[in-house]
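Index from 1, following the sequence. These numbers were taken from a predicted model, which means no experiment stands behind them.
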Amino acid sequence: MGIIRVLDEHIANQIAAGEVVERPSSVVKELVENAVDAGSSRIDITIEEGGLALIRVSDNGSGMQPDDCEAAFFRHATSKIVSSQDLFSIRTLGFRGEALPSIAAVSKVTCLTSTNSSGLGHQLVIEGGTVKVSEESAAPRGTDIQVRELFYNTPARLKYMKTVQTELGHVSDFIYRLALAHPEIAFTLKHNGSVMIQTLGNEDMQGVIAAIYGTTVAKTMLSIQGEHLDYSIRGFIGKPETTRANRNGISTFINGRYVRNFTLIHALLQGYHTFLPINRFPVAAIHIEMDPTLVDVNVHPAKLEVRFSKEQELIQFVEEQVRFVLNQQVLIPTGAVPTKSKPINHIQEQLELYRSAPPAPESVNGNFDKENSRKQDVETLNRWSQADLRTERDNEAKRTVNPIQSTARDTAQRDKPSRNEPVQSFKEQAAANEALLRTLTADDQTLAPVLPSFPKLSPIGQMHGTYIIAQNEEGLFLIDQHAAHERINYEYYFEKFGNPAEASQELIVPITLEFTASDAVRIQDKLPLLEQAGVYVEPFGGNSFLVRAYPHWFPDGEEKALIDEMSEWLLSERKSVDVSRLREKAAIMCSCKASIKANQSMRVNEMEALLDRLASCRNPYTCPHGRPIVISFSTYELEKLFKRVM
């Protein structure tokens with residue numbers, strides 16, 4: 001006799017259950033997905049003790065005929081596919097035909113189903129894979145499946161189950177995702193008699209988000225919609241002010257199926273690039289529709305992972321759409337605003353307190369030239385450092401004593417070329433964009449994008465030498481001066497790193513870099529990348545290297561530290577590094593070192609110059625590290641604090 005034998009059907013089903021039924025949430029997933037495929041508009045899920053004692057899924061879908069009810073519990077029995085060609089055009093959630101027999105093999109199952117509203121249906125009772133009852137029974141239209149004592153006949157599996165709260169968390173997480181995937185279905189989840197989630201099934205996806213994450217989060221969500229030759233995208237993404245410590249708030253759906261795909265999530269996060277702080281993640285729910293032939297859902301027993309035929313095009317599409325939506329918003333965190341339906345009820349007379357404007361300083365020729373003063377302040381910000389700040393204060397003192405000499409010095413200083421000149425490029429770019437916008441508007445109104453404008457702010461002071469206090473008709477604003485200057489410098493340096501070779505200057509005295517023996521070998525392979533960033537480094541024997549040239553617009557006094565950081569970053573990267581990533585990283589390093597720091601006092605005209613430059617940025621709302629630059633307090637919120645409105 002040979003030693004190879006065909007397994008008994010019961011044993012085979014128990015083995016299959018090990019792949020399909022990992023925990024109670026796996027049972028809920030398979031049963032609820034079948035209910036969705038049945039065309040249900042209402043699905044009720046009831047569980048007890050985390051699903052180990054009872055899992056009950058009731059729906060008002062199409063139901064099953066008596067013969068189909070029994071056949072559904074046979075292994076590899078399904079109504080979803082007929083031929084192998086159907087595997088390439090799958091639009092249903094379940095299709096393997098392994099779920100029901102696998103569940104029945106490790107539990108006690110009761111299935112009550114009916115295909116019409118006559119009140120007559122069929123009941124099937126299975127225990128441990130064996131049919132105990134199959135008879136006619138009273139039943140409403142739809143299907144009601146109860147799974148009791150899960151893993152009762154496989155105690156080895158039962159002992160590895162976690163606590164009730166852990167298993168409940170897995171169940172609720174899946175129902176949350178499915179409710180987001182199908183807002184047209186009314187879901188109800190109960191645990192031990194308590195309602196955990198309930199949706200209306202009115203196709204309002206934002207309402208589902210409110211039911212899951214709360215109304216506060218739902219109000220901050222931004223609608224996303226886009227079309228591509230092969231894909232379409234819709235859903236909601238959260239503002240950068242609403243973040244989580246992990247990726248659990250991100251839900252991605254392909255043709256109505258919740259999937260976990262790393263590249264898809266990475267594309268969404270890249271769309272948020274520089275909008276989010278490090279290790280913070282957004283709340284998002286995006287639906288992607290595509291031809292079923294472009295996605296393979298048959299790569300995982302639980303059907304949670306998929307493969308895409310045109311993955312690179314999809315990644316680029318998602319990233320562009322997310323970035324486009326964020327760029328259309330004024331991303332300043334705001335406080336409470338009054339509702340339009342309720343008029344503001346003033347209970348105290350408002351006192352108009354204004355300080356008289358200080359007299360304008362006069363030069364020997366008459367009135368002080370404000371425009372020249374503004375240009376001077378802009379240039380001051382360009383070459384700002386601690387030493388420059390002290391010099392500027394000294395100049396201010398001298399200007400008070402002798403305005404004629406001061407004006408002459410200022411004029412000479414304005415005529416002197418500056419190493420850092422991002423303002424001019426930003427103004428030219430803003431003017432070019434405005435001209436293009438006018439042209440598009442004149443030619444075709446549909447082509448002109450409506451871009452949000454940074455609010456016009458008037459600085460009124462400074463807090464702790466760190467935050468600029470500004471105001472406008474909407475309320476009060478706080479601006480992180482370091483983050484603001486960092487964003488300005490980042491966009492300047494990022495533009496400069498686009499063509500750094502032309503700006504590189506030879507050094508009379510080279511800079512010496514020292515590495516360990518292992519790092520010296522690795523950095524030698526990275527030298528071409530440094531050259532493309534405008535930094536020319538050559539071996540000098542042993543573990544030493546010489547920096548022969550670097551761009552002249554590197555921050556003064558920070559050249560060696562900057563090159564050291566660039567080298568350390570290249571050594572720390574395990575994956576392949578392209579020029580664009582190095583360009584961005586170097587721009588962030590330069591911007592941080594060249595920016596004004598906290599605890600630095602600023603004059604009002606210097607604050608105005610900084611805010612003007614910030615308003616010219618492509619993204620004036622977050623620094624390169626994703627931290628917010630501006631936060632606001634509405635006039636209404638301040639009036640509530642002072643009890644002026646009730």
Side-chain angles (χ1 to χ4, degrees), residues 262-263 266 269-270 273-274 276-280 312 315 383-387 419-420 422 482 485-487 489-597 623-627:
F262 174 78
T263 56
H266 181 69
L269 295 177
Q270 281 299 105
H273 189 54
T274 75
L276 293 177
I278 298 174
N279 296 327
R280 300 298 297 182
Q312 193 58 41
I315 289 173
R383 37 175 217 282
W384 214 332
S385 65
Q386 288 284 358
R419 292 181 61 186
N420 300 333
H482 173 73
H485 202 204
E486 200 172 27
R487 164 54 65 175
N489 286 331
Y490 167 73
E491 296 195 0
Y492 165 67
Y493 286 118
F494 189 79
E495 179 183 342
K496 288 292 187 181
F497 270 110
N499 194 9
E502 297 179 359
S504 292
Q505 59 181 3
E506 292 284 342
L507 300 179
I508 298 177
V509 180
I511 297 175
T512 303
L513 303 178
E514 298 286 345
F515 297 94
T516 64
S518 59
D519 287 347
V521 175
R522 294 168 55 204
I523 199 64
Q524 193 154 357
D525 296 333
K526 310 285 188 180
L527 296 184
L529 287 171
L530 289 173
E531 289 183 7
Q532 294 182 63
V535 180
Y536 292 87
V537 182
E538 62 182 31
F540 190 57
N543 301 330
S544 301
F545 292 79
L546 292 181
V547 179
R548 293 293 186 184
Y550 58 76
H552 66 77
W553 34 258
F554 271 15
D556 288 333
E558 300 288 349
E559 296 87 351
K560 184 179 186 306
L562 179 60
I563 296 171
D564 282 336
E565 287 190 23
M566 292 171 65
S567 303
E568 291 175 4
W569 181 77
L570 287 173
L571 291 172
S572 66
E573 286 296 300
R574 300 295 181 184
K575 301 178 181 179
S576 60
V577 180
D578 56 18
V579 181
S580 61
R581 292 185 64 201
L582 177 60
R583 173 189 175 193
E584 180 196 16
K585 193 68 178 179
I588 292 176
M589 294 175 184
C590 286
S591 65
C592 188
K593 294 182 179 300
S595 299
I596 57 177
K597 304 298 188 290
C623 76
H625 306 95
R627 292 188 292 269

Self-check item: Output field: ring centroids Phe515/Phe545 closer than 6.0 Å
Solution: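 Between Phe545 and Phe515, which both carry aromatic rings, the centre distance is below 6.0 Å.
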
Atom pair [atom1]/[atom2] of [X] and [Y] - distance to nearest 0.5 Å:
{"X": "Cys592", "Y": "Lys597", "atom1": "SG", "atom2": "NZ", "answer": "6.0 Å"}
{"X": "Glu558", "Y": "Ile563", "atom1": "CD", "atom2": "CD1", "answer": "11.5 Å"}
{"X": "Phe554", "Y": "Gln505", "atom1": "CZ", "atom2": "CD", "answer": "10.0 Å"}
{"X": "Leu507", "Y": "Tyr550", "atom1": "CG", "atom2": "OH", "answer": "5.0 Å"}
{"X": "Glu491", "Y": "Glu495", "atom1": "CD", "atom2": "CD", "answer": "9.0 Å"}
{"X": "Thr516", "Y": "Arg522", "atom1": "OG1", "atom2": "CZ", "answer": "8.0 Å"}

Practice problem: Sequence neighbours left out, what passes salt bridge (Lys or Arg N to Asp or Glu O under 4.0 Å) with Arg280? Give chain and number order. | Solution: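 Counting only residues at least two positions away or on another chain, Arg280 forms no salt bridge (Lys or Arg N to Asp or Glu O under 4.0 Å).
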
Practice problem: For Glu514, enumerate each residue passing the side-chain contact (heavy atoms from CB on, under 4.5 Å) test, keeping only those at least two apart in sequence or located in another chain. | Solution: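 Checked Glu514 against side-chain contact (heavy atoms from CB on, under 4.5 Å); matches are Thr512, Ser544.
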
What is the minimum heavy-atom distance between [X] and [Y], and which atoms define it?
{"X": "Leu570", "Y": "Lys526", "value": "O-CE, 3.8 Å"}
{"X": "Ile588", "Y": "Ser591", "value": "O-OG, 2.7 Å"}
{"X": "Leu562", "Y": "Ala586", "value": "CD1-O, 4.4 Å"}
{"X": "His482", "Y": "Ile596", "value": "ND1-O, 2.7 Å"}
{"X": "Ala533", "Y": "Leu582", "value": "CB-CD2, 4.1 Å"}
{"X": "Met566", "Y": "Leu530", "value": "CE-CD2, 4.1 Å"}

Quiz item: Does any N or O in the side chain of His625 come within less than 3.5 Å of the main-chain N or O of Pro277, such that one atom is a donor and the other an acceptor?
Solution: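 Side chain of His625 to backbone of Pro277, a donor-acceptor pair under 3.5 Å: no, none is there.
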
Between [Y] and [X], is there a side-chain heavy-atom distance shorter than 4.5 Å?
{"X": "Asp519", "Y": "Val521", "result": "no"}
{"X": "Ile523", "Y": "Leu571", "result": "yes"}
{"X": "Leu513", "Y": "Val547", "result": "yes"}

Exercise. Verify whether one side chain among Thr274 and Arg487 offers a donor that lies under 3.5 Å from an acceptor in the other.
Key: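 Yes, a side-chain donor-acceptor pair sits under 3.5 Å.
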
Quiz item: How about Asp564 and Ser567: does a side-chain donor come under 3.5 Å of a side-chain acceptor?
Solution: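 Per modelled atom types, Asp564 and Ser567 side chains form no pair under 3.5 Å.
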
Quiz prompt | Lys593 and its salt bridge (Lys or Arg N to Asp or Glu O under 4.0 Å) partner, picked from Glu565, Glu486, Glu559 | solution =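 The single option meeting the salt bridge (Lys or Arg N to Asp or Glu O under 4.0 Å) with Lys593 is Glu565.
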
Quiz item: Trp553 vs Phe497 aromatic rings, parallel, tilted or perpendicular, using cut-offs 30° and 60°?
Solution: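 Perpendicular: the ring planes of Trp553 and Phe497 meet at over 60°.
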
Quiz item: Under 30°, 30 to 60°, or over 60°: which ring-plane class applies to Phe494 and Tyr490, parallel, tilted or perpendicular?
Solution: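 The rings of Phe494 and Tyr490 sit tilted, inter-plane angle from 30° to 60°.
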
Quiz item: Does Arg548 come within less than 4.0 Å of Glu506, counting only side-chain N to carboxylate O?
Solution: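 No salt bridge links Arg548 with Glu506.
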
